[in-house]
Amino acid sequence: MSATEITGWDPDLTERLVAAVEPVARRWFRFEVRGLESFPATGGVLLVANHSGGMLTPDVLIFAAAFYRNFGYDRPLYTLGHDGLFPGPMADWMARLGVIHASTENATNALRSGGVVLVFPGGVYDAYRPTLAENVVDFNGRTGYVRCAIEAGVPIVPAVSIGGQESQLFLTRGTWLAKRLGLSRFRSDILPVTLGFPFGLSVIVPFNLPLPTKIVAQVLRPIDVGARFGCEPDAYEVDVEVRSQMQAALDRLARRRRFPILG
């Protein structure tokens, strides 16, 4: 499955989709992606980012649009996705767009092939963080991404974005309710409650539409794991450093943000 997913990337389809959707997203979210001038020009790279905006998060589109605008469509950008994104025939379409199952094997193979892999370690847990904690980097203790970078021998590039958690009011992740209902058997530890437009109060469904909040992303300088942490790096130590740099960058973006939604 891994090799099929990675080799299934279709640059022509990806370019057509980005060209069609980017203008709408750019007008709606007025997004900016800064810092790509320091991004490695070649080779495998693990791009590690916070995740925002709930189920309709625009993070992948925003990063992809900026990445391909800078590097063209000769260099694939793969995104690690939850199993729920691949129902039936959608699996083939996802692979063609570079969205692959989130697994260490897939990530490592993609990185070793010279691809850039975008990972959101916090997943939906991070994407549904309460709006009151919107400027907190929270991976829920997950460090698997570090092991992927170590095994593939590639640098980690941290990135953060701000604004996505203002697309609606995220009230709670609902971890307590998910536990009471036994949702762990469905590989879910949250049952988020949000307030937005047009449906008002929502528990997962129906999906409220995102407000036109301004989203700003900042790509940070690469971290050479081997050079920084030695030949046998500790995953926890690397994770602490990555999150520390991300939190500092997110704090800087938050200090510059004048108004919610308007940016």
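The model shown is predicted, which means the values in this text are computed figures rather than measured ones. The residues of the chain are indexed from 1 along the displayed sequence.
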Query - Residues that Asp239 engages under salt bridge (Lys or Arg N to Asp or Glu O under 4.0 Å), provided they are two or more places apart - result: Arg243
Query - Minimal non-hydrogen separation, Leu171 against Leu201, with atom names - result: CD1-CD1, 3.9 Å
Report summary line: Scanning both residues in full, the closest heavy-atom pair of Ala41 with Arg75 reads O-NH1, 3.2 Å
Query raised in the report: Would a hydrophobic clustering, with Ile, Leu, Val, Met, Phe, Trp and Tyr connected at side-chain separations under 4.5 Å, put Leu211 with Phe29?
Result: no
Query - Side chain to side chain, Pro198 and Leu209, heavy atoms closer than 4.5 Å - result: yes
Query - Straight-line distance of Glu241 CD to Met246 CE, nearest 0.5 Å - result: 12.0 Å
Query - Backbone N/O of Asn135 and side chain of Gln247: donor-acceptor pair under 3.5 Å - result: yes
**Report entry** Val119 and its side chain to side chain contact (heavy atoms under 4.5 Å, CB included) partner, picked from Val48, Thr79, Ile156
**Finding:** Val48
**Report entry** Phe39 and Val116: CA distance, side-chain angles, deciding distance, side-chain contact (heavy atoms from CB on, under 4.5 Å) verdict
**Finding:** CA-CA 11 Å; Phe39 198 89; Val116 175; 3.8 Å; yes
Requested in this report: Ignoring hydrogens and angles, tell me if any N or O in the side chain of Ser103 forms a donor-acceptor pair with the backbone of Asn106 under 3.5 Å.
Outcome: yes
Report task. With rounding to the nearest 0.5 Å, note down the distance linking CZ in Phe170 to CG in Leu195. Result -> 11.0 Å
For residues 12-20, which side-chain N or O atoms pair as donor and acceptor with protein atoms under 3.5 Å away, sequence neighbours left out?
residue: Thr14; atom: OG1; partner: Trp9; partner atom: NE1; Å: 3.2
residue: Thr14; atom: OG1; partner: Asp10; partner atom: O; Å: 2.9
residue: Thr14; atom: OG1; partner: Arg96; partner atom: O; Å: 3.4

Query raised in the report: Are Glu134 and Arg257 within salt-bridge range, i.e. N to O under 4.0 Å?
Result: no
Query raised in the report: With hydrophobic residues grouped by side-chain heavy-atom distances under 4.5 Å, do Trp93 and Val21 end up in a single group?
Result: yes
Report task. Give a yes or no on whether the backbone of Cys148 and the side-chain of Thr104 come within a donor-acceptor separation of less than 3.5 Å. Result -> no
Query raised in the report: Is the backbone N or O of Leu47 less than 3.5 Å from a side-chain atom of Tyr145, with the two atoms forming a donor-acceptor pair by type?
Result: no
Query raised in the report: Do Leu36 and Leu61 belong together in a cluster built from hydrophobic side chains that touch within less than 4.5 Å?
Result: no
**Report entry** Salt bridge flag under 4.0 Å for residues Asp126 and Arg142
**Finding:** no
Report task. Any chance you could lay out the side-chain contact (heavy atoms from CB on, under 4.5 Å) test for Gln245 and Leu220, step after step, and finish with the verdict? Result -> CA-CA 8 Å; Gln245 290 193 23; Leu220 308 181; 4.2 Å; yes
Query raised in the report: Do Arg173 and Tyr125 meet the cation-pi criteria used here (NZ or CZ under 6.0 Å from the six-membered ring centre, within 45° of the axis)?
Result: yes
Query raised in the report: Residues in ring-ring contact (aromatic ring centres under 6.0 Å, His included) with Tyr73, at least two apart?
Result: Tyr68
Query raised in the report: Which pair of non-hydrogen atoms, one from Trp28 and one from Pro210, has the smallest distance, and what is that distance?
Result: NE1-O, 3.1 Å
Query - Aromatic plane relationship, His51 with Phe120 - under 30° parallel, 30 to 60° tilted, over 60° perpendicular - result: parallel
**Report entry** Evaluation steps, side-chain contact (heavy atoms from CB on, under 4.5 Å), between Gln218 and Arg252
**Finding:** CA-CA 10 Å; Gln218 178 70 53; Arg252 288 193 294 271; 5.9 Å; no
**Report entry** Arg112 side chain vs Gly44 backbone, donor-acceptor pair below 3.5 Å
**Finding:** no
Query - Worked check of side-chain contact (heavy atoms from CB on, under 4.5 Å) between Asp59 and Ser161 - result: CA-CA 8 Å; Asp59 289 339; Ser161 66; 3.8 Å; yes
Query raised in the report: Looking at CD1 of Ile215 and CZ of Phe31, how far apart are the two atoms once the value is rounded to the nearest 0.5 Å?
Result: 9.0 Å
Query raised in the report: Under 3.5 Å, is there a donor-acceptor pair between the side chain of Asn50 and the main chain of Asp138?
Result: no
Query raised in the report: Do NZ/NE/NH1/NH2 and the carboxylate oxygens of Lys214 and Glu32 come within less than 4.0 Å?
Result: yes
Report task. List the atom of Pro130, the atom of Thr172, and the distance in Å for their closest heavy-atom pair. Result -> CG-CA, 4.5 Å
Query raised in the report: Side chain of Thr213, backbone of Gly163: donor and acceptor closer than 3.5 Å?
Result: yes
Query raised in the report: Would you say Pro40 and Val157 make side-chain contact, with heavy atoms under 4.5 Å?
Result: yes
Query raised in the report: Are any of the side-chain heavy atoms of Ile100 and Leu80 separated by less than 4.5 Å?
Result: yes
Query raised in the report: Do the side chains of Val205 and Leu177 join up, straight or via other hydrophobic residues, at under 4.5 Å, putting them in one cluster?
Result: yes
Report task. Identify whether Leu56 and Val193 are in the same connected component of the hydrophobic contact network (ILVMFWY, side-chain heavy atoms under 4.5 Å). Result -> yes
Query raised in the report: Is the backbone N or O of Val216 less than 3.5 Å from a side-chain atom of Arg34, with the two atoms forming a donor-acceptor pair by type?
Result: no
Query raised in the report: If you round to the nearest 0.5 Å, how far is CG of Leu118 from OH of Tyr78?
Result: 13.5 Å
Report task. Decide ring pair (Phe, Tyr, Trp, His ring centres under 6.0 Å) for Phe63 and Phe67; before the verdict, give the C-alpha distance in whole Å, the side-chain angles of both, and the deciding distance to 0.1 Å. Result -> CA-CA 6 Å; Phe63 278 113; Phe67 176 85; 10.0 Å; no
Query raised in the report: What heavy-atom pair brings Gln168 and Gly196 nearest, and what distance separates the two atoms?
Result: CB-CA, 4.2 Å
Query raised in the report: For the side chain of Gln165 and the backbone of Ala127, is there at least one donor-acceptor N/O pair under 3.5 Å apart?
Result: yes
Query raised in the report: What's the spacing between Leu191 CG and Trp176 CH2 if we round to 0.5 Å?
Result: 8.5 Å
Query - Val242: which of Ile223, Leu46, Val225 passes side chain to side chain contact (heavy atoms under 4.5 Å, CB included) - result: Ile223
Query raised in the report: Could you state the interatomic distance from CD (Glu166) to CZ (Phe259), rounded to the nearest 0.5 Å?
Result: 12.0 Å
